[in-house]
Amino acid sequence: MNNRKGIINKILFFDFIGMIFCIFKSFSYYEYSFWLLPTVYTFLFFITYVNRKLSSRNIGALVLNITMSIRYVAIPVIYYSTNELSRFARNYNNLGSAIYLMIYEMIVLMLVLEISARKYYKKEKNMKTKKQPLLHLQYGKLLAIGISIIVLGIGVFYKNLGAGFRVITTGKLEQSINFVNNNFIDILWETLTTWIYVYLTMREAEKYESDHRNIHTTLVIVYTFIFILITFIQSVAFSRWYTIISAISAIACLFKMFPQSKKKILLSIGIPTIILLILITSYKNAGFNIGETKFSDSISDIFSSSNFDSYFSGPVNVNNAIGVKNNYKNLGMKTIINDMLNNMPIVNHYMDITQTSVYAYNASIGRIWNGVGDQIIPLLGQSIIYFGYIFAPLMGVITILIVRKFDYLFKKNSSYMMYVYAFIAVWMAVEPMMLNLTITINWFYIRIIPFALIFMITNKISYKKYLEKDYKKNE
C-alpha cells in the first residue's frame, strides 16, 4: 500500500507543477483557456482526501486517477509546450465550450469519486479479518494439459504468432498479420490463454503458502511475462488495450497473492510491459503504411499533442463531439442502442453503422477509411449525444460506480474470479478518460462474459484451501 500511496502523492505533486506551468504560459496564450483544466482538477484532487486515500489501496481507482491526471493536466501542458493542437479536427469552433464542458464533467466526477470513496472506505474498514482461502483445482494439471493442447492447436493453425515476434526485431508490421475479427476462435484463444495463466499463478501461490520458497515468486513472474508477451504478439495489428489491461490486472493479482515481493514483481514485469506498450503504440501510428513505415519513424510521434488528445479524450476530441451533437440531428437517445449493438458479434453484420455515434464522429472529421473510422469518440461526447449537456457526466458517473464495486470485489476475493474482478475494475477505469461505450460493450461480449464464465465454472469445481494470512495484512 505504501508504494501506491507514494504514487498518489507524486501524481498530486506533478499536477501542481503542471498547473503552475500552464498558468504561467497562459499569459502569452490568450485564445483558449486550457489552464483552467489543470487548475480546477488539481484543486479538486487535493481536497478529495478520501478518494486519494482509497486510490492508494485499489487498482481500479489508482488507474482512474492516473488517467484523469493525464487528461486534465498533461494534455494542457503539451498544448502549451508545443503550441500545437491536435490535427484530428476540421475546425476548433467548439473548443472553448469543450473546455467548460470538461470542467463540468470533472467537478461531477470528482464529487462522485469522493462520495463513493467514503462509502467503500467504511466497507473496507468493516471487512472481517479472516483467513483467505485460495481454491485448489483437483485434477488441474490434467485439465491444464488438455487446454494447452487446444491453445497450441489454435496457435499453429489459426494464429500468425511468428509475425508478431518479427515486429519486435524488424520494426515493421507485416501484411500477413490479420486483424482480429472477434470471431469464435479469437475469443476462445484469449479465454483459454488467460485461464492457463491464472491457473498457473494460483497453483504457485498455493505452493508458496506451504513452503514459502522464492522460486514460486520467480515462476509467476516468468508466467506473467509470457502471458503479456502472448497478448502482445497476437494484437499488434489490432489493439494495445488488451495487453495493457491484462498486464495491470495480472500485476494487481500478483501483488495480492505475493505481497512481500511487490517491488520485484513491479520491476520485472512493469518495465518490459512499458516497452511493449511503446512498441504497440508506435506500430499503431504506422498502421496506414503497413509494411513500409519503420519503428524509428513513428516513435517520435507518440508524445505529440494529436496522440495524447486522441488517446485521452482531450479538448479537441470533445470539440469534435460537440460538433457532432450540434450538426447530426438524427442522433439522440436512440443512438445508444445502435452503439451498443454495433460491435456485438453476429448482430453487428446486420447493423447500419452510419447510424452510430462512432461513424458520425469520424465522418465529421474526415477519418473514414474503407467505411470504418479510426478515431475514438469520447465517452463524454457519446453522453451529450444520448442525454444532452445537462446529463453529460452521467455515463462517467456510472463507470466510476462500477470501478468502485469491482475494486471492492477484487479486494475481498481470492478465488479464480479475482482476475476477472481486477480486469473489469481496470478496464472500466480507463473508459471515462480514454474510451467509450461502444468499445466497452464490445469487450463485454468478447472478453468479460467468456472470462467470467470459465472462471465461475472453475470456482464451482474447486475446493477451498485456507491460507496462513489474513486480509488486513495484505493491504
Next on the checklist: Quick check: closest heavy atoms across Met417 and Asn459, and the distance to 0.1 Å?
Outcome noted: CG-ND2, 3.2 Å
Item to check | Qualifying side chain to side chain donor-acceptor pair (under 3.5 Å) pairs, either residue in residues 35-47, two or more places apart | outcome: none
Checklist entry - With under 30° as parallel and over 60° as perpendicular, where do the rings of Tyr208 and His216 fit, or are they tilted in between? => result perpendicular
Checklist entry - Side chain of Lys325, backbone of Ile384: donor and acceptor closer than 3.5 Å? => result yes
Checklist entry - Are Glu114 and Lys53 within salt-bridge range, i.e. N to O under 4.0 Å? => result no
Checklist entry - Can Phe410 and Tyr421 be said to form a ring pair (Phe, Tyr, Trp, His ring centres under 6.0 Å), step by step? => result CA-CA 5 Å; Phe410 170 72; Tyr421 295 147; 8.1 Å; no
Checklist entry - Got a sec, which residues hit side chain to side chain contact (heavy atoms under 4.5 Å, CB included) with Ile20, two or more places apart in sequence or on another chain? => result Phe16
Item to check | Plane angle bin for Tyr80 and Phe21 - parallel if under 30°, tilted between 30 and 60°, otherwise perpendicular | outcome: perpendicular
Item to check | Check: Leu36 main-chain N/O paired with Ser33 side-chain donor or acceptor under 3.5 Å | outcome: no
Checklist entry - Hey, mind stepping through Asn51 and Phe45 against side-chain contact (heavy atoms from CB on, under 4.5 Å) and telling me if it holds? => result CA-CA 8 Å; Asn51 168 51; Phe45 191 45; 4.1 Å; yes
Checklist entry - Do Thr218 and Lys264 meet the criterion of a side-chain donor-acceptor pair at a distance under 3.5 Å? => result yes
Checklist entry - Does a side-chain heavy-atom distance below 4.5 Å link Leu44 with Ile47? => result yes
Next on the checklist: Can you give me the closest heavy-atom contact between Val316 and Ala89, atom names plus distance?
Outcome noted: CG1-CB, 3.7 Å
Checklist entry - Would you say the side-chain atoms of Gln375 and Asn320 include a donor-acceptor pair closer than 3.5 Å? => result no
Name every donor-acceptor pair, under 3.5 Å, that has one atom in a side chain of residues 429-438 and the other anywhere in the protein, sequence neighbours excluded.
{"residue": "Glu431", "atom": "OE1", "partner": "Thr399", "partner atom": "OG1", "Å": "3.2"}
{"residue": "Glu431", "atom": "OE2", "partner": "Thr440", "partner atom": "OG1", "Å": "3.1"}
{"residue": "Asn436", "atom": "OD1", "partner": "Thr438", "partner atom": "N", "Å": "3.1"}
{"residue": "Asn436", "atom": "OD1", "partner": "Ile439", "partner atom": "N", "Å": "3.0"}
{"residue": "Asn436", "atom": "ND2", "partner": "Ile377", "partner atom": "O", "Å": "2.9"}
{"residue": "Thr438", "atom": "OG1", "partner": "Gln382", "partner atom": "NE2", "Å": "3.0"}

Next on the checklist: Just checking Lys334: does its NZ atom have more than 12 heavy atoms from other residues, nucleotides or ligands closer to it than 6.0 angstrom?
Outcome noted: yes
Checklist entry - Do the numbers put Arg447 on top of the ring of Phe423, so that NZ or CZ is under 6.0 Å from the six-membered ring centre and no more than 45° off the axis? => result no
Next on the checklist: Taking Leu331's backbone N and O only, do any of them form a donor-acceptor pair with Thr335's side chain (distance below 3.5 Å, no angle check)?
Outcome noted: no
Checklist entry - Is a side-chain N or O of Ser268 found less than 3.5 angstrom from the main chain of Ile265, in a donor-acceptor match? => result no
Item to check | Met202 versus Ser414, closest heavy-atom pair with distance | outcome: CE-O, 3.5 Å
Next on the checklist: Is a donor from one side chain sitting under 3.5 angstrom from an acceptor on the other, for Ser55 and Asn65?
Outcome noted: yes
Checklist entry - When Tyr199 is tested against each of Ile147, Thr194, Leu137 for side-chain contact (heavy atoms from CB on, under 4.5 Å), which residue passes? => result Leu137
Next on the checklist: If we count only N and O atoms by modelled type, under 3.5 Å, do the side chains of Tyr120 and Asn58 hold a donor and an acceptor together?
Outcome noted: no
Checklist entry - When you look at Cys22 and Val77, which way does the side-chain contact (heavy atoms from CB on, under 4.5 Å) test go after all the steps? => result CA-CA 6 Å; Cys22 290; Val77 168; 3.7 Å; yes
Checklist entry - Under 3.5 Å, side chain of Arg71 to main-chain N/O of Ser313, donor-acceptor pair present? => result yes
Item to check | Over 12 non-hydrogen atoms of neighbours within 6.0 angstrom of OH in Tyr389 | outcome: yes
Checklist entry - When you measure from the side chain of Arg118 to the backbone N and O of Val50, does any donor-acceptor pair fall under 3.5 Å? => result no
Next on the checklist: Quick check: do Met428 and Phe406 have side-chain heavy atoms less than 4.5 Å from each other?
Outcome noted: no
Next on the checklist: Looking at Ile353, is its backbone amide N or carbonyl O close enough to the side chain of Thr356 to form a donor-acceptor pair, meaning the two atoms are under 3.5 Å apart?
Outcome noted: yes
Item to check | Heavy-atom side-chain contact between Phe387 and Met395 under 4.5 Å | outcome: yes
Item to check | Side-chain donor or acceptor of Asp15 paired with backbone N/O of Pro38 under 3.5 Å | outcome: no
Next on the checklist: Around atom NZ of Lys405, are there more than 12 heavy atoms from other residues, nucleotides or ligands closer than 6.0 Å?
Outcome noted: no
Checklist entry - Quick one: does Asn319's side chain have a donor or acceptor within less than 3.5 Å of a partner on Asn94's backbone? => result yes
Next on the checklist: Do Trp369 and Asn362 make a side-chain contact, defined as non-hydrogen atoms from C-beta onward lying under 4.5 Å apart?
Outcome noted: no
Item to check | Enclosure of Lys123 NZ (heavy-atom neighbours >12, cutoff 6.0 Å) | outcome: yes
Next on the checklist: Using every non-hydrogen atom in the two residues, find where Ala247 and Ile228 come nearest and quote the distance to one decimal.
Outcome noted: CB-CD1, 3.6 Å
Next on the checklist: Students often mix this up, so state it plainly: with edges at 30° and 60°, are the rings of Phe312 and Phe308 parallel, tilted or perpendicular?
Outcome noted: parallel
Checklist outcome for this item: In terms of heavy-atom contacts, Ser86 and Asp309 come closest through CB-CB, 3.8 Å
Checklist entry - Are more than 12 heavy atoms from other residues, nucleotides or ligands located less than 6.0 Å from atom OH of Tyr92? => result yes
Item to check | Under 3.5 Å: donor-acceptor pair, side chain of Ser306, backbone of Arg87 | outcome: yes
Item to check | Shortest non-hydrogen separation from Pro272 to Phe225 and the atoms involved | outcome: CB-CE1, 3.4 Å
